[in-house]
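Heads up, the thing below is written out as structure tokens.
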Amino acid sequence: MENDRLAARASNLLSYIAVDYGDSVDDDRILDTDLYRLQQHHATQALELVRQLPDKPGRSALESSIGALQEAIGRRDDADAVRRRANEIADRLAALYQMQRSPTQSLPAANLAAPLFQQRCARCHGSWGQGGGAVPDLRDATRMASFSLYDLYNTLDPTVDTVHSNRVDGDLDSRQRWALAVTAAALAVKNQLPPSADLAERYPALVGLPGMAVTRPVELPTDARNALMWWRGHPHLVRSLEHPLARAEGLLLLAETDYRGGDNAGAYHKLMLAYREGYQPLQQSIELRDRVLYRQLQAQWKKLRREVISAAPNTDVIASIQNLRTLLARARARLEPMPGSSISYLWATLLFVLALALGLSLWWGLRWRKRSRL
Ligand code: HEC
């Protein structure tokens, strides 16, 4: 547990560097000396935290990359480069220490925690998140795009982030923090129209977990960035856009993180959820479309379940999960309407219309002949 805390704290500091560094340096020049020093301090602290984590292959490389980040800050590199570096380090840290950066259950609607926001947060952040003075504007889309939902969630845990006192959010549970993170994320997209539905097909990972929770919009192409900003502020409306099989794939990723971290019970729970909520609703359709693939999937689910129950070695379970995710992705592609099917519909319609026209003209001809005979 303690290690999770250290890693979350380091991730929190890195996210602040990613977000704030750009306000402290511009074009080689220091704009705000205090803010600049704070970034240097954050980097030093992040390095110290990582050094307290258990040693394992990959940790020394992680330390060197934080060293490189410190040098980049020292050189006053440009903001985008420093931001990308800090975010990459946070992602590597998460992978190395199996950080669970996403909730398992779906995220609630933004208005669920709205009363809590008014009660606890509005006195500093304002009723609409407008802030003022030392309090940042939560509606600032550029700034908010630099935070993932997980980064926001982290600011609400006083054992991870000291921005808020224990009195503000010390008693909240993890569900409430995720709900508040959504409420905060929604402020930046208030009154904006939803992105077009085809974007959900283009970026399936962003409409589900963990993608929606761990991705920082700023690192995405513009259309995906704007879409993610909106989606994560309206998770309850996005749920219907998420393909069940993509949900299964996302849950399997979470299960893998649990298993790598030694939490077999957590992994088993997520595996079952992936099966029940993601795979089962489409099981029959897959069987009808592709029997061979269906049999492979059935066998792979069974194999993985057995491995998790018998606490098989990490490498076996990880290989099985990856195998299963590949099969699920293939099933997802198989369930899509066949390419060209719209063309055959077109032909069928055309033939139907032709046949109808032929029939009508024959009937008309017959009638006309009858009448002329009269
Ligand atoms: C006592 C005043 C106060 C209260 C109450 C408060 N905050 Fe904050 N919050 C701040 C300040 C000040 C910062 C900025 C700290 C910094 O950037 O150094 C901040 C930062 C944040 C951030 C990070 C955003 C950013 O741009 O840096 C989020 C998200 C946030 N608060 C959400 C909340 C939520 C949700 C609540 C209610 C549970 C809350 N805050 C209650 C003062 C407060």
Side-chain angles (χ1 to χ4, degrees), residues 8-25 31-43 45-46 79 82-83 86-87 90 101-103 107-190 212-219 225 228-229 232-233 235:
R9 176 112 192 80
S11 171
N12 176 252
L13 292 165
L14 289 164
S15 84
Y16 276 124
I17 296 175
V19 172
D20 284 329
Y21 175 82
D23 288 337
S24 71
V25 171
L31 300 174
D32 181 334
T33 314
D34 288 342
L35 194 60
Y36 178 72
R37 291 230 179 90
L38 187 62
Q39 309 313 306
Q40 289 181 308
H41 185 60
H42 282 346
Q45 264 189 301
V82 168
R83 187 200 69 229
N87 284 338
R101 297 188 292 172
S102 163
L107 291 160
N111 61 16
L112 184 81
L116 192 58
F117 185 88
Q118 294 307 330
Q119 206 182 314
R120 301 272 188 117
C121 326
R123 71 188 159 94
C124 295
H125 285 281
S127 291
W128 297 278
Q130 70 273 29
V135 185
D137 186 349
L138 296 176
R139 300 165 310 174
D140 177 350
T142 315
R143 186 173 167 86
M144 293 305 269
S146 286
F147 288 115
S148 67
L149 218 46
Y150 169 75
D151 293 330
L152 297 175
Y153 166 87
N154 255 350
T155 65
L156 301 172
D157 184 343
T159 66
V160 171
D161 187 331
T162 49
V163 139
H164 302 112
S165 70
N166 216 19
R167 226 159 22 94
V168 172
D169 48 16
D171 62 330
L172 301 180
D173 63 23
S174 153
R175 280 304 289 157
Q176 288 171 306
R177 290 193 178 108
W178 280 114
L180 279 168
V182 171
T183 307
L187 294 168
V189 288
K190 198 168 157 49
M212 187 189 279
V214 305
T215 313
R216 302 171 195 87
V218 69
E219 308 297 353
R225 173 192 317 183
L228 177 59
M229 292 286 283
R232 68 183 195 176

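The figures that follow rest on heavy atoms only: side chains count, while hydrogens, waters and symmetry mates do not. Just follow the structure's listing: the first ligand is 1, and inside any ligand the first atom is 1.
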Arg143-ligand 1 polar pair, N/O distance under 3.5 Å = yes

Contact with ligand 1 for Leu138, non-hydrogen, under 4.0 angstrom:
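Within the 4.0 Å threshold, so yes.
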
CG of Asp161 to CZ of Arg9, rounded to nearest 0.5 Å, is 6.5 Å

Practice prompt. Can you label the angle between the Trp178 ring and the Tyr153 ring as parallel, tilted or perpendicular, going by 30° and 60°?
Written response: parallel

Across all chains, not counting sequence neighbours, the side chain to side chain contact (heavy atoms under 4.5 Å, CB included) partners of Val218 are Arg83, Ala145, Ser146, Arg216

One finds that the ligand 1 atoms under 4.0 Å from a non-hydrogen atom of Leu156 are 32 (C), 33 (C), 34 (C), 35 (C)

A student checking ligand 1 against Leu152 at a 4.0 Å heavy-atom cut-off should list atoms 29 (C)

Heavy atom of the protein closest to atom 5 (C) of ligand 1 (residue, atom name, distance):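 Closest protein heavy atom to atom 5 (C) of ligand 1: Arg120 O, 3.2 Å.
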
Original post:
Any donor and acceptor pair, going by atom type alone, linking the side chain of Arg139 with main-chain N or O of Ala188 inside 3.5 Å?
Top reply: no

Under-2.8 Å protein N/O/S neighbours of atom 8 (Fe) of ligand 1, ordered by chain then residue number: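 Sorted hits: His125 NE2, His164 NE2.
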
Those residues at least two apart in sequence (or on a different chain) that pass salt bridge (Lys or Arg N to Asp or Glu O under 4.0 Å) with Arg177 are none

Across all chains, not counting sequence neighbours, the salt bridge (Lys or Arg N to Asp or Glu O under 4.0 Å) partners of Arg225 are none

Checklist entry - Heavy-atom count around Arg175 CZ within 6.0 Å, excluding the residue itself: above 12? => result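 Atom CZ in Arg175 is crowded, with more than 12 foreign heavy atoms closer than 6.0 Å.
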
Next item on the list: Please determine if Arg101 and Asp151 form a salt bridge, counting it only when a charged side-chain N lies under 4.0 Å from a carboxylate O.
Entry: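 Looking at Asp151 together with Arg101, the answer is no, because their closest N to O distance does not fall below 4.0 Å.
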
In terms of its nearest heavy atom to atom 11 (C) of ligand 1, the top option of Gly129, Ser15, Pro136 is Pro136

- Task: Take Arg37 and Asp32, measure what salt bridge (Lys or Arg N to Asp or Glu O under 4.0 Å) needs, and give me the verdict at the end.
- Result: CA-CA 9 Å; Arg37 291 230 179 90; Asp32 181 334; over 6 Å; no

